[in-house]
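This report refers to the structure that appears directly beneath it.
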Amino acid sequence: MPQSILHPSSSSMPESIPQPSVYPPIEPYRSGMLAVDALHTLYWEECGNPDGVPVLFLHGGPGAGLSPKHRQFFDPAYYRIVLFDQRGAGKSTPLGEYRDNTTQLLIADIERIRQMLGIGQWLVFGGSWGSTLALAYGEAHPECCTGFVLRGIFLCTDVEIDWFLNGIKWFFPQEHAQFVAPIPQDERGDLLHAYEKRLFCDDPAVYSEAARTWSRYEGSCLHLLPHPEVADEFGSEAVGLGVGRLEAHYFRHYAFLEDDQLIRDVARIRHLPAVIIHGRYDMVCPPLSAYRLHQAWPQARFQMIEDAGHAAFEPGIASALVAATDLFKRQGNFD
């Protein structure tokens with residue numbers, strides 16, 4: 001049975017707040033490094049039941065990488081849990097590398113991992129940027145998917161990108177001010193371009209500092225209630241370089257997707273079971289995107305978590321995610 005745990009860096013959470021019910025910690029039974037081209041090598045792992053029902057976990061960011069806690073959304077006795085660090089993220093190398101890093105290449109990487117592991121079909125689980133990639137992958141390869149668990153929907157449209165860069169200041173003014181502070185006044189009219197110049201320059205001192213500032217900004221806005229220790233984690237070199245550089249890289253290319261492509265192509269996966277889980281007070285990926293996806297995909301189950309922000313380990317969100325994977329275990333759908 002699932003147990004109640006905290007996010008690894010949430011020890012200051014008040015006891016009066018319900019804790020998320022997730023499965024106990026587990027270790028991989030197999031892992032490795034997969035060279036996908038001359039530049040990128042991906043870390044991958046398998047956990048749970050080697051003979052179980054396959055499920056693919058797609059992390060957020062882009063560039064945020066895996067946490068051991070991500071293994072705990074799934075019953076390890078039932079699921080064969082596959083996780084990997086996407087290009088430029090986590091244990092994959094080189095960290096923060098944006099060259100040869102596109103949505104289409106990530107989709108090809110997923111297929112390469114699936115074929116390497118001898119998996120025919122799998123349940124696809126993704127949150128935040130992971131939901132973007134899950135939709136893009138599913139729409140490209142619906143025949144390989146048994147269903148979707150999607151959290152914190154991000155469609156990488158112009159309005160969502162503008163919200164992240166500019167709109168969040170209406171709710172997180174201090175955090176946004178810190179995000180803007182390193183940028184000269186005359187460059188603040190186009191924050192993405194200003195950060196591009198710094199994130200993609202040749203000076204590691206410049207791009208590392210810019211990446212940590214960008215990533216810390218996001219980490220400061222993830223939760224319904226403050227978690228300064230999470231902001232510190234996001235501002236570290238290990239997390240910040242991947243998040244800061246790759247988010248800006250994918251933003252400036254609109255995730256290498258056509259305008260509103262993920263909504264337009266929902267028909268390709270509409271026949272598959274899906275659940276959409278979103279925090280009511282998600283300031284990183286506002287709920288309108290989840291609502292738009294559900295309007296295009298009314299067959300999907302839609303759960304708005306009323307007491308949550310964006311983070312996967314908000315108590316209500318984590319519990320809903322585990323409930324979804326348990327329901328799929330029992331029924332093969334989310335009805």
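Being a predicted model, the structure only gives us computed values, none of them experimental.
Between the CG atom of L165 and the NE2 atom of H193 there is a distance of 13.5 Å, given to the nearest 0.5 Å. With rounding to the nearest 0.5 angstrom, the CG atom of L262 is 5.5 Å from the CD atom of E139. From N166, atom CG reaches atom CD1 of I161 across 11.5 Å, with rounding to the nearest 0.5 Å. In this structure, CZ on R252 lies 8.5 Å from CG on L192, to the nearest 0.5 angstrom. Taking CD1 from I113 and CD1 from I119, the interatomic distance works out to 9.5 Å, rounded to the nearest 0.5 Å. Distance check, rounded to the nearest 0.5 Å: CD1 of I153 to CH2 of W129 gives 13.0 Å.
Annotation: D259, atom CG; neighbour count of heavy atoms from other residues, nucleotides and ligands within 6.0 Å does not exceed 12. Heavy-atom contacts from other residues, nucleotides or ligands closer than 6.0 Å to CZ of R99 number 12 or fewer. A 6.0 Å sphere centred on CD of Q331 holds more than 12 heavy atoms belonging to other residues, nucleotides or ligands.
Side-chain N or O atoms of S131 include one that pairs as donor or acceptor with a backbone N or O of F154 at under 3.5 Å. Looking at H278, its side chain never comes within 3.5 Å of a backbone N or O of Q303 through a donor-acceptor pair. Formation of a donor-acceptor pair under 3.5 Å by the W122 side chain with backbone atoms of G147 is not found in this model. The backbone N or O of Y23 sits less than 3.5 Å from a side-chain atom of Q72, completing a donor-acceptor pair. No side-chain donor-acceptor contact under 3.5 Å links E196 to the backbone of A248. The main-chain N or O of A77 is found under 3.5 Å from a side-chain atom of N49 such that the two form a donor-acceptor pair. In this structure, the side chain of S92 engages the main chain of Y43 through a donor-acceptor pair within 3.5 Å. Side-chain N or O atoms of T41 include none that pairs as donor or acceptor with a backbone N or O of M33 at under 3.5 Å. The main-chain N or O of A255 is never found under 3.5 Å from a side-chain atom of H249 such that the two would form a donor-acceptor pair.
Ion pairing of D37 with R87 is present here, as a side-chain N (NZ or NE/NH1/NH2) and a carboxylate O approach within less than 4.0 Å. Salt bridge annotation for R198-E209: absent, with no cationic side-chain nitrogen under 4.0 angstrom from a carboxylate oxygen. The pair R245-E97 does not count as a salt bridge, with every side-chain nitrogen at least 4.0 angstrom from each carboxylate oxygen. Classification of E306 and R280 as a salt-bridged pair holds, one side-chain N sitting under 4.0 Å from a carboxylate O. Using a cutoff of 4.0 Å between basic side-chain nitrogens and carboxylate oxygens, K329 and D326 are scored as salt-bridged. Ion pairing between a basic and an acidic side chain is recognised when a charged N comes within 4.0 Å of a carboxylate O; D232 and R216 show such pairing.
Of the residues listed (P28, P76, P24), the one engaging R71 in a side chain to side chain contact (heavy atoms under 4.5 Å, CB included) is P28, and it is the only one.
Between F200 and Y98, the distance separating the two ring centers is shorter than 6.0 angstrom. Between W214 and Y207, the ring centre distance reaches or exceeds 6.0 Å. Aromatic rings of F302 and W297 (six-membered ring for Trp) have centroids beyond the 6.0 Å cut-off, not under it. Aromatic ring centres of F171 and Y281: separated by at least 6.0 Å.
Contact detail for A312 and L321: the closest heavy-atom pair is O-CD1, 4.2 Å. Closest non-hydrogen pair, V124 versus C145, comes out as CG2-SG, 3.9 Å. Closest of all the heavy-atom pairs between S21 and S319 is N-OG, 3.3 Å. Pairing each heavy atom of T213 with each of P182, the nearest pair is CG2-CG, 4.0 Å. Of all heavy-atom pairs spanning V243 and A64, the tightest one is CG2-CA, 3.6 Å. Scanning both residues, P142 and I269, for their nearest heavy atoms gives CB-CG2, 4.1 Å.
Side-chain contact between F256 and Q104: present, with at least one pair of heavy atoms (C-beta onward) separated by less than 4.5 Å. Contact check for I263 versus R292: side-chain heavy atoms found under the 4.5 Å cut-off. Proximity of N101 to L105: side-chain heavy atoms (C-beta onward) are nowhere separated by under 4.5 Å. When side chains are defined from C-beta on, L117 counts as touching V82, because their heavy atoms get closer than 4.5 Å. Inter-residue side-chain proximity for W163 and M283 is flagged as met; some heavy-atom pair is nearer than 4.5 Å. Counting heavy atoms from C-beta outward, Q299 and D335 have side chains that stay 4.5 Å or more apart. Between R114 and C144, some side-chain heavy-atom pair lies under the 4.5 Å cut-off. Taking the side chain as every heavy atom from C-beta outward, Y29 and R80 approach each other to under 4.5 Å.
Taken together through direct or relayed side-chain contacts under 4.5 Å among Ile, Leu, Val, Met, Phe, Trp and Tyr, F148 and L123 form parts of separate hydrophobic clusters. Under the 4.5 Å side-chain heavy-atom criterion for ILVMFWY residues, a single connected hydrophobic cluster contains both L83 and V322. Linking ILVMFWY residues whenever their side-chain heavy atoms come closer than 4.5 Å, directly or via other members, places V275 and F125 in the same cluster. In the hydrophobic clustering of this structure, F328 groups with Y78; members are Ile, Leu, Val, Met, Phe, Trp, Tyr whose side-chain heavy atoms approach within less than 4.5 Å, directly or through other members. Grouping the Ile, Leu, Val, Met, Phe, Trp and Tyr side chains by contacts below 4.5 angstrom, directly or via other members, places F313 with L66.
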Step by step, would you call Y250 with L106 a side-chain contact (heavy atoms from CB on, under 4.5 Å)?
CA-CA 12 Å; Y250 275 84; L106 297 183; 3.4 Å; yes
Would you check, one step at a time, whether the test side-chain contact (heavy atoms from CB on, under 4.5 Å) holds for D109 with L34?
CA-CA 9 Å; D109 293 343; L34 174 65; over 6 Å; no
Show your reasoning for whether side-chain contact (heavy atoms from CB on, under 4.5 Å) applies to D282 and L224.
CA-CA 8 Å; D282 188 335; L224 181 63; over 6 Å; no
Could you check E314 against I305 for side-chain contact (heavy atoms from CB on, under 4.5 Å), going step by step and ending with a plain yes or no?
CA-CA 10 Å; E314 294 272 40; I305 308 303; over 6 Å; no
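Residues E160 and S289 have side chains that bring a donor and an acceptor to within less than 3.5 angstrom of each other. Side-chain contact annotation: S128 with H310, donor-acceptor N/O pair under 3.5 Å present. Defined by atom type and a distance below 3.5 Å, a donor-acceptor pair is present between the side-chain atoms of D158 and Y254.
Classified by interplanar angle (parallel below 30°, tilted 30° to 60°, perpendicular above 60°), the ring pair F73/H70 is parallel.
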Donor-acceptor list for residues 52-62 side chains, cut-off 3.5 Å, not counting sequence neighbours:
residue, atom, partner, partner atom, Å
H59, ND1, G65, N, 3.3
H59, NE2, Q86, N, 3.0

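Considering only residues two or more places apart in sequence or on other chains, E175 meets the side chain to side chain donor-acceptor pair (under 3.5 Å) condition with none of them. In this view, S215 satisfies the side chain to side chain donor-acceptor pair (under 3.5 Å) rule with no residue, not counting sequence neighbours.
By the 6.0 Å and 45° rule, R212 does not stack over the aromatic ring of Y217.
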